[in-house]
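Encoded as structure tokens, the structure appears first; notes follow it.
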Amino acid sequence: MGKKDKQQEFVAHITPRNEDFSQWYTDVILKTDLVDYAPVRGCMVIKPYGYGIWELIQQEMDRRFKESGHKNVYFPMLIPESLLRKEAEHVEGFAPEVAWVTQGGSEVLQEKLVIRPTSETLFCAMYAKWVQSWRDLPMRYNQWCSVLRWEKSTRPFLRTSEFLWQEGHTIHATAEEAQEETLLMLEIYREFAEKVLALPTYVGQKSDKEKFAGARATYSMEAMMQDGKALQAGTSHNFGTNFAEAFGIQYLSKEGQLEYVHETSWGTSTRMIGAIIMTHGDERGLRLPPRVAPIQVVILPIAQHKEGVLDRARALAESLKKAGIRVELDDRDTYSAGWKFNEWELKGVPVRLELGPRDIDNGVATVMRRDTLEKSTLPLAGIEDALKALLDDIHATLYRQADEFRRARTYTATDMEGLTRGVQDGFVEAAWCGERACEDRIKELTGATSRNMPFDQSGMPSDVCVCCGKPAGKLMYFAKAY
RNA sequence: CGGGGUGUAGCGCAGUUCGGUAGCGCACGUGCUUUGGGAGCAUGGGGUCGCAGGUUCAAAUCCUGUCACCCCGACCA
């Protein structure tokens with residue numbers, strides 16, 4: 001294979017409406033060492049580089065949870081069948097995709113256990129024990145764990161049988177507080193996506209059809225992938241007193257009345273890593289947002305066998321590390337410089353620093369930023385601050401590019417023709433009557449589902465439903481979804 | 001769960017039509033020369049052909065079953 005061919009291995013995978021986008025995705029996650037397929041149905045192994053991203057996501061998000069007053073807990077993985085069955089809608093929603101434990105050792109169990117697909121029921125069981133009085137409220141807990149859902153079809157990060165996530169579960173004295181919490185967490189997710197993942201998202205309320213099993217209201221943030229499809233990247237639910245009534249979670253109010261608590265839950269998962277890949281990736285591979293890049297700066301000593309080069313490179317790595325930059329010195333002498341360039345670009349490291357004899361003579365380092373592929377030089381003196389600024393700029397650029405992309409691909413439609421055309425390569429904003437029948441029909445005719453209803457409902461494209469023509473009350477985003 | 005496809009060396013594949021000693025490229029080991037955009041030459045190692053049965057003197061190849069994975073749908077974070 002010639003040089004050109006090798007370099008073009010990934011070229012042209014991401015283009016508008018390109019059917020190879022899926023293929024590009026699977027290629028890139030395998031070639032960049034993020035994951036490998038496990039010898040377990042629908043499950044993946046997350047390798048060190050991929051897990052590094054998750055650790056940074058956890059760190060950043062956990063800090064936000066702590067700042068807003070949440071505490072971490074850990075609950076068991078197994079749920080007794082009877083507990084799962086307590087909330088009718090919930091069990092109906094999850095029953096088709098739970099895995100059962102029916103035997104322990106050689107003994108067949110009296111009561112089957114499910115491996116948690118989510119932990120609402122366990123939290124409810126414990127909250128029922130823990131809450132006595134209004135003084136105990138609110139309780140705001142979060143859990144980092146994995147859950148298992150017997151999915152029919154799977155894809156690394158986007159949908160796997162077992163996946164890592166965080167699930168927050170809170171209970172409150174009043175409906176207002178619960179709603180406030182639900183929206184607060186949605187906003188924390190949105191801000192996190194923007195500031196940490198460089199992901200622009202659409203936030204809003206889900207339709208009844210798409211809401212969580214057992215929720216009164218579900219809110220989501222939806223990101224747009226480069227093939228125009230939507231990826232639900234986080235959800236926040238308000239349960240009202242649904243679960244409290246099913247599980248008997250009651251407290252004595254200040255007035256001495258026995259009241260049900262109002263409950264919320266919210267979650268995000270490793271799916272966000274899939275969102276990063278499919279939003280920012282390009283024909284050379286990954287482009288990782290600096291704040292979740294396990295390696296932010298890679299230093300490549302050039303002609304490293306020459307006197308002093310490696311020493312200078314090591315010193316540089318050391319000083320960047322001290323400055324709090326996640327840096328890797330690639331001093332492998334078994335690969336050529338060109339090979340390393342390609343490999344680190346493929347892996348999406350935001351900044352590459354080349355340090356060779358010429359640079360050292362001039363007191364500079366050659367810098368390549370992964371987002372724009374622009375090459376320049378920076379003086380070695382004070383390079384730490386310049387790099388930090390550069391990383392921030394890369395983050396901003398990635399966000400801007402993604403934001404421009406989604407704006408360009410967000411359409412409005414007033415009829416089915418426009419809707420059908422729009423969802424071929426993006427999101428469509430349309431007026432909707434609120435009826436399930438129209439959602440179903442739209443799904444059938446266009447393949448698109450309702451995503452969410454923005455909080456700002458102004459700018460309705462028409463006053464009648466895009467589907468049935470009856471007077472419409474809701475501004476809704478429609479898109480094909482992962 | 002429906003429709004389609006693929007399982008042969010770490011990776012990507014050829015060989016299956018028509019049964020007859022297991023192949024290629026990359027990667028990997030060793031040596032020398034290289035090193036600022038995927039280096040070159042020489043030499044070497046590595047595979048119970050997804051698994052289980054069956055047919056046959058003989059099976060990667062034919063038959064039956066089974067498992068895994070990929071793509072497109074339906075279902076879902």
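In what follows, chains are A, B, ... by sequence order, proteins preceding strands, each numbered from 1.
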For [N], the Watson-Crick or wobble partner whose two distances fall under 3.5 Å:
N: B/C75; result: none
N: B/G20; result: B/C57
N: B/A42; result: B/U30
N: B/U35; result: none
N: B/A52; result: B/U64

Could you give the [atom1]-to-[atom2] distance, from [X] to [N], as a whole number of Å?
X: A/Lys306; N: B/G36; atom1: NZ; atom2: P; result: 10 Å
X: A/Ile299; N: B/G36; atom1: CD1; atom2: P; result: 18 Å
X: A/Ile302; N: B/U35; atom1: CD1; atom2: P; result: 12 Å
X: A/Glu210; N: B/C75; atom1: CD; atom2: C1'; result: 11 Å
X: A/Leu197; N: B/A77; atom1: CG; atom2: C1'; result: 15 Å
X: A/Asp330; N: B/G36; atom1: CG; atom2: P; result: 13 Å
X: A/Leu30; N: B/C26; atom1: CG; atom2: C1'; result: 17 Å
X: A/Leu445; N: B/G73; atom1: CG; atom2: C1'; result: 16 Å

| Residue-level proximity of residues 353-361 of chain A to RNA chain B when a heavy atom falls under 4.0 Å | A/Glu354, A/Gly356, A/Pro357, A/Arg358, A/Asp359
| By a strict heavy-atom criterion of less than 4.0 Å, which residues belonging to residues 144-153 of chain A are in contact with RNA chain B? | A/Arg149, A/Glu151, A/Lys152, A/Ser153
| request: Kindly indicate whether the side chain of A/Glu345 and the base of B/G37 share any N or O donor-acceptor pair separated by less than 3.5 Å? | output: yes
By salt bridge (charged side-chain N to carboxylate O under 4.0 Å, His left out) - contacts of [X] (at least two apart):
X: A/Glu354; answer: A/Arg352, A/Lys375
X: A/Arg190; answer: A/Glu187, A/Glu194
X: A/Arg332; answer: A/Asp330, A/Glu343

For [X], which contact category applies under a 4.0 Å heavy-atom criterion: base, sugar-phosphate, or nothing?
X: A/Arg352; result: base
X: A/Met368; result: base
X: A/Leu158; result: base

List in chain and number order the residues that pass side-chain contact (heavy atoms from CB on, under 4.5 Å) with [X], two or more places apart in sequence or in another chain; answer none if no residue qualifies.
X: A/Ala95; value: A/Val91
X: A/Ser336; value: A/Trp339
X: A/Thr26; value: A/Gln23, A/Tyr37

Does a side-chain N or O from [X] land closer than 4.0 Å to OP1 or OP2 of [N], or not?
X: A/Lys211; N: B/A77; result: no
X: A/Ser336; N: B/A39; result: yes
X: A/Tyr335; N: B/C28; result: yes

| request: Please collect all side chain to side chain donor-acceptor pair (under 3.5 Å) contacts where either partner lies in residues 84-99 of chain A, sequence neighbours excluded, each pair once. | output: A/Glu81-A/Arg85
| message | Can you pull out every side chain to side chain donor-acceptor pair (under 3.5 Å) where at least one residue sits in residues 45-54 of chain A? Sequence neighbours excluded, please. | response | A/Asp33-A/Lys47
| message | So if I take every side-chain heavy atom of A/Arg271 and compare against B/A77, B/G37, B/G36, which nucleotide ends up nearest? | response | B/A77
| said: Can you tell me which nucleotide in B/A39, B/A77, B/G37 comes closest to the side chain of A/Asn342? | reply: B/G37
| request: Would you mind telling me which residue lines up with the more 5' stretch of RNA chain B, A/Thr334 or A/Ala337, judged by nearest nucleotide? | output: A/Ala337
| request: Nearest-nucleotide wise, let me know which of A/Trp339 and A/Arg451 is further upstream toward the 5' end of RNA chain B. | output: A/Trp339
| Pairwise C1' distance for B/G10 and B/G65, with rounding to whole Å | 30 Å
| field | Whole-Å P distance, B/G12 and B/U34 | value | 36 Å
Using distance alone, with no hydrogens and no angle criterion, decide if [X] and [Y] have a side-chain donor and acceptor under 3.5 Å apart.
X: A/Trp144; Y: A/Asp62; answer: yes
X: A/Gln232; Y: A/Lys206; answer: yes
X: A/Ser265; Y: A/Glu120; answer: yes

Are there any protein N/O atoms within less than 3.5 Å of an N/O atom in nucleotides 67-71 of chain B, and if so, which ones and at what distance?
unit_1 : atom_1 : unit_2  : atom_2 : d
B/C69  : OP1    : A/Gly42 : N      : 3.0

In residues 148-158 of chain A, what donor-acceptor pairs under 3.5 Å come from side-chain atoms, sequence neighbours left out?
unit_1   : atom_1 : unit_2   : atom_2 : d
A/Arg149 : NE     : A/Pro117 : O      : 2.8
A/Arg149 : NH2    : A/Pro117 : O      : 2.8
A/Arg155 : NH1    : A/Ser22  : OG     : 3.3

| message | Using every non-hydrogen atom in the two residues, find where A/Val423 and A/Ala448 come nearest and quote the distance to one decimal. | response | CG1-CB, 3.7 Å
| said: Show, in sequence, the C-alpha distance, side-chain angles and deciding distance for A/Phe341 and A/Tyr335, and conclude whether the ring-ring contact (aromatic ring centres under 6.0 Å, His included) test is met. | reply: CA-CA 10 Å; A/Phe341 290 171; A/Tyr335 293 98; over 10 Å; no
